[in-house]
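The structure's right below; bear with me while I get my questions together.
All residue numbers refer to positions in the sequence shown, counting from 1.
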Amino acid sequence: MKSYITTPIYYVNGSPHIGHAFTSVMADILKRNREALGYELMLSTGVDEHGQKNQEAAEDLGMSVEDYLDMRGKEFRDVFDLLGITYDYFVRTSREGHKTAVAGMEQSIFDKGLIVKKQYTGTYCKGCEEFKKESDLTEDGQCPLHPTMKVEQTDETNYFLKMEPFREKLLQHIADNPDFVQPEAFRNELKQMLAEPLEDLCISRPKSRVTLGVDLPFDEDFVTYVWFDALANYLTNIDWPKEGYEAWWAECEHLIGKDILKPHGVYWPIMLMAAGLPLPKKLSVHSHWVGAGGVKMSKSIGNVVDPIEVADKLGVDALRWYLARHMRADSDSQISVELIAQTYEAELNNKLGNMLSRAAKFAKSKFDGKLPVKGPLTEEDEALRRTVVEATAGMGEWIDLADIPARMQSIITAASELNEYIDKQAPWTLFKNEETRERSQTVVYVALDCLRIVMEALRQVIPVSADKALAMLNVTEVARPWKPELDKLQSGTELGDIQPLFPRVQ
């Protein structure tokens, strides 16, 4: 069983930001989830190195294009490594193999008569690197995605892909495959994009304006439009057009932000249809992060969240937890360093780290450093065990992008009940009386075994912290395929060194 997950490839005209971190962390969580179920995984992420914006960014820094791309590519890779993203392929569109395959795709479509050369007069947004219709612009005539960047009136000759011949076929594919775009709100948005006849898509840029890109194979005076080039990475990552790519491609899921639904939901499927290739299995779409109070993030306001800053201050898993916990797929969500810190203290520190510290330290000091023996169970014990198994069961099943926040909510709710259980049972009080000492052992065992299940589930989300917790409990192996199973802690086993799992932030 295979699963191929892709993130967008990120423009390198600036440093990595929270949006890049979010999509790639979510992709990593989905990968870890499916690996835990026994699937064979392929996860690709990386950088889009072509186009006018990247070319100008290198010029602004006085760097050669090659040095600039190397610098930015390393910067993104370092951030993703820091965030624990277990990608299998890091995309760089400057690789010769990618450029050769893109040119081959263009040539095959051109040979079918589906690419035509014509003069075009229209409005161009440099931020999007695409031509805009009047209906795409705001009342002030600006691009809504780049309101501070003036659009340009452009008159030039280019090559265009015929789009309209494929519109009805794409609409039928969406109708026949209701899971093709998730969540439903974005599927409906895509259908609206396809409700009217489509204009031809400009797929080239004259070298007089842009030189950083894939040369058109049928006209050396032009380079390929950056989106055509970038989208093809999803195929070139798995060695298309060589044999053997098909098994991965059949299980391909694109994770994307809502702002790039049109390129992925309209341009890409039609490019594939024109090339005679099957469509990806799914587009999983998410909304955006905004600053506290719903204010759009802006460097001038000072509410931008730097993933490196958060990781340095609170730890990588604090950021991963917040991203998984608080994004809603079909609506924008708030984020700030303060909100991340609050969630870290309230949930990771107080509910998970504190619980582990209290129960494990008590066991280590009172039961010769070993896991205690479980005695007869009460209804309170069984109720907690059922709660924890039910709360974590979703991590033993296939997770879709939109499912992640609800699965985190279930887990943290169970952690609250776990804390309430040990407070109410008070094993430290039970231990003082010889007649209730056995009961004290049972309470501690139940609490630690339930915590083990929670931490095994959280290996998919906050793997570094979860593995530290499991090491304290002397858990050396986690079953795969994984599902929540009780009584896997071995009584009498030596506990590991008990350290603060989520230290308080000063």
Side-chain angles (χ1 to χ4, degrees), residues 3-31 42-54 57 69 72-73 75-77 79-80 83 85-95 98 102 125 127-130 145-146 180-183 186 189-190 193 213-214 224-238 240 248-249 252-269 271-272 279-289 307 323 327 329 332 400-402 404:
S3 175
Y4 172 33
I5 302 169
T6 73
T7 76
I9 51 173
Y10 307 114
Y11 247 4
V12 293
N13 62 318
S15 297
H17 56 63
I18 199 66
H20 305 136
F22 172 72
T23 311
S24 291
V25 167
M26 294 306 101
D28 181 68
I29 290 172
L30 296 183
K31 176 184 176 179
M42 171 76 175
L43 168 57
S44 71
T45 192
V47 291
D48 181 357
E49 300 176 299
H50 293 151
Q52 186 174 357
K53 287 191 294 186
N54 292 338
L69 296 181
R72 286 296 194 208
E75 187 177 12
F76 273 80
R77 193 164 192 154
V79 169
F80 294 157
L83 298 179
I85 296 160
T86 54
Y87 53 84
D88 300 285
Y89 189 88
F90 190 86
V91 182
R92 294 193 62 180
T93 53
S94 61
R95 288 192 176 112
H98 170 78
V102 169
C125 173
C128 295
E129 297 208 33
E130 67 180 11
L145 298 177
H146 302 92
F180 178 60
V181 180
Q182 293 183 350
F186 294 115
E189 187 176 329
L190 179 57
M193 294 177 186
V214 178
T224 302
Y225 170 42
V226 66
W227 266 112
F228 190 110
D229 164 17
L231 290 163
N233 91 88
Y234 302 131
L235 279 171
T236 62
N237 299 346
I238 49 174
W240 177 85
W248 286 115
W249 186 242
C252 181
E253 174 182 357
H254 298 324
L255 268 57
I256 61 170
K258 64 180 184 180
D259 58 318
I260 53 175
L261 176 60
K262 187 173 185 179
H264 285 81
V266 179
Y267 303 167
W268 181 224
M271 286 166 54
L272 291 166
L279 272 54
K281 188 172 186 178
K282 184 189 298 184
L283 302 180
S284 292
V285 189
H286 64 76
S287 294
H288 290 162
W289 291 103
L323 296 177
M327 170 54 82
D332 291 346
D400 286 320
L401 177 64
I404 294 175

*Is there a side-chain contact between Leu30 and Ile404 (heavy atoms, below 4.5 Å)?*
yes
*Ser24 and Met26: side chain to side chain contact (heavy atoms under 4.5 Å, CB included), yes or no, with the steps?*
CA-CA 5 Å; Ser24 291; Met26 294 306 101; over 6 Å; no
*Return the minimal non-hydrogen interatomic distance between Leu283 and Gly265, and the atom names on each side.*
CD1-CA, 3.7 Å
*What are the two closest heavy atoms between Ser287 and Phe186, and how far apart are they?*
OG-CZ, 3.7 Å
_Side chains of Asp400 and Lys282 in contact at under 4.5 Å (non-hydrogen atoms)_ = yes
*May I ask you to decide whether Glu49 forms a salt bridge with Arg92, counting only side-chain N to carboxylate O separations under 4.0 Å?*
yes
*Say you draw a straight line from CD of Glu253 to OG of Ser284; how long is it, rounded to the nearest 0.5 Å?*
3.5 Å
*Checking Asp48 side chain against Tyr11 main chain: does a donor-acceptor pair fall under 3.5 Å?*
no
*Say you draw a straight line from SG of Cys252 to CD1 of Ile238; how long is it, rounded to the nearest 0.5 Å?*
6.5 Å
_Closest non-hydrogen atom pair between Ala21 and Leu83, with its separation_ = CB-CD1, 3.6 Å
*Just checking, is any N or O donor in the side chain of His98 or Asn233 under 3.5 Å from an acceptor N or O on the other one?*
no
_Donor-acceptor check, side chain of Asp229 to backbone of His50, threshold 3.5 angstrom: yes or no?_
no
*Check: Leu255 and His286 side chains under 4.5 Å, non-hydrogen atoms*: no
*Where is the tightest heavy-atom contact between Leu231 and Pro263, given as atom of each residue plus distance?*
CD1-O, 3.6 Å
_Testing the basics here: between Met42 and Asn237, what is the closest heavy-atom pair and its distance to 0.1 Å?_
CE-O, 3.8 Å
*Start with the C-alpha gap between Tyr234 and Trp248, add the side-chain angles, then the distance that decides, and say whether side chain to side chain contact (heavy atoms under 4.5 Å, CB included) holds.*
CA-CA 10 Å; Tyr234 302 131; Trp248 286 115; over 6 Å; no
_Walk me through whether Val91 and Thr45 qualify under side chain to side chain contact (heavy atoms under 4.5 Å, CB included)._
CA-CA 6 Å; Val91 182; Thr45 192; over 6 Å; no
_Between Tyr89 and Tyr4, is the ring centroid distance below 6.0 Å?_
no
*Kindly indicate, with the supporting measurements, whether the criterion side chain to side chain donor-acceptor pair (under 3.5 Å) is fulfilled by Glu75 and Ser15.*
CA-CA 7 Å; Glu75 187 177 12; Ser15 297; 2.9 Å; yes
*Rounded to the nearest 0.5 Å, what's the gap from CG on Leu43 to CG on Asp88? Could you check?*
6.0 Å
*Mind checking whether Phe228 and Trp268 have side chains closer than 4.5 Å, heavy atoms only?*
no
*Should His264 and Trp227 count as side-chain neighbours, where that means a heavy-atom distance under 4.5 Å?*
yes
*Looking at side-chain heavy atoms only, is the closest gap between Leu272 and Trp249 below 4.5 Å?*
yes
_I'd like to know whether the aromatic ring centres of Trp289 and Phe22 sit less than 6.0 Å apart in this structure._
yes
*asked:* For a 4.5 angstrom cut-off between non-hydrogen side-chain atoms, does Ile18 reach Leu323?
replied: yes
*Is there side-chain contact between Asp259 and His288, with at least one heavy-atom pair below 4.5 Å?*
yes
*Check: Asn13 main-chain N/O paired with Asn54 side-chain donor or acceptor under 3.5 Å*: yes
_Could you measure the distance from the CZ atom of Arg77 to the CD1 atom of Ile85? Nearest 0.5 Å is fine._
12.0 Å
*Please report the shortest heavy-atom distance between Pro8 and Thr23, naming the atom on each side.*
CD-CG2, 3.6 Å
*Pair Thr93-Val226, side chain to side chain contact (heavy atoms under 4.5 Å, CB included): steps then yes or no*: CA-CA 10 Å; Thr93 53; Val226 66; over 6 Å; no
_Under 6.0 Å between ring centres: does that hold for Tyr87 and Phe90?_
yes
